[in-house]
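Sequential numbering from 1 along the given sequence is applied to the chain's residues. These numbers come from the heavy atoms of this one structure, side chains and all, not from hydrogens, waters or symmetry mates.
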Amino acid sequence: RLLAVEANLAFARLLPRDDATTFVIPPLTTACRDRSWRVRHVVATKWCELQEALNPELVKTELVPMLLRLIGDPEAEVRTQAALRLPNVGNTLSDSDRQTILTTNVLPRVGELCSDVSVHVRTAVASVVMSS
């Protein structure tokens with residue numbers, strides 16, 4: 001299942017962007033909810049690459065909610081990787097869409113990450129803030 005996420009990314013890069021809804025998103029949604037934290041960790045790690053491979057509408061409707069789900073993951077390792085992806089949220093979107101997503105969806109979750117029980121998650125958020 002770990003390799004399925006990377007294979008899915010390869011499909012996303014090769015398929016026409018319109019086919020991603022049918023062939024790429026369902027396996028990603030399943031991987032994002034997988035019982036193994038390592039599979040979810042790979043989704044978080046590959047999130048930026050997936051964003052580049054998918055069309056902007058799918059990024060808004062499917063990929064951003066996946067990242068938000070990963071930010072709330074029970075495993076600190078997954079939350080850490082999701083937090084490290086925050087500066088890249090919406091890079092492929094229009095400025096207005098990116099601003100809307102950041103202010104309405106992402107910023108409220110950053111507050112949660114700042115008070116996370118895991119020092120690794122808090123450190124990841126601090127590094128993201130300091131590098132921005």
Find out whether [X] and [Y] are in side-chain contact, i.e. whether some heavy atom of one side chain is under 4.5 Å from a heavy atom of the other.
| X | Y | value |
| --- | --- | --- |
| Arg1 | Ser36 | yes |
| Trp47 | Val89 | yes |
| Gln81 | Leu84 | yes |
| Arg79 | Ile71 | no |
| Leu9 | Val5 | no |

Would you compute the distance between atom [atom1] of [X] and atom [atom2] of [Y] and round it to the nearest 0.5 angstrom?
| X | Y | atom1 | atom2 | answer |
| --- | --- | --- | --- | --- |
| Leu58 | Ile25 | CG | CD1 | 5.0 Å |
| Met66 | Glu62 | CE | CD | 5.5 Å |
| Leu70 | Thr80 | CG | OG1 | 12.0 Å |

**OP:** Scan Gln51, Glu52, Arg98 and name whichever one has a side-chain hydrogen bond (donor to acceptor under 3.5 Å, both in side chains) with Asn91.
**Re:**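 Among the candidates, only Arg98 passes.
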Original post:
Which residue, Asp73, Asp34, Thr45, forms the side-chain hydrogen bond (donor to acceptor under 3.5 Å, both in side chains) with Arg40?
Top reply: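 Exactly one pass, corresponding to Asp73.
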Subject >> Non-neighbouring partners of Lys46 that pass salt bridge (charged side-chain N to carboxylate O under 4.0 Å, His left out), sequence neighbours left out >> reply: Glu49
**OP:** Would you please name every residue forming a salt bridge (charged side-chain N to carboxylate O under 4.0 Å, His left out) with Asp19, sequence neighbours left out?
**Re:**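 Here no residue qualifies.
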**OP:** Mark yes when over 12 heavy atoms from residues, nucleotides or ligands other than Arg13 sit less than 6.0 Å from its CZ; otherwise mark no.
**Re:**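 Yes, because the 6.0 Å sphere around CZ of Arg13 holds more than 12 heavy atoms from other groups.
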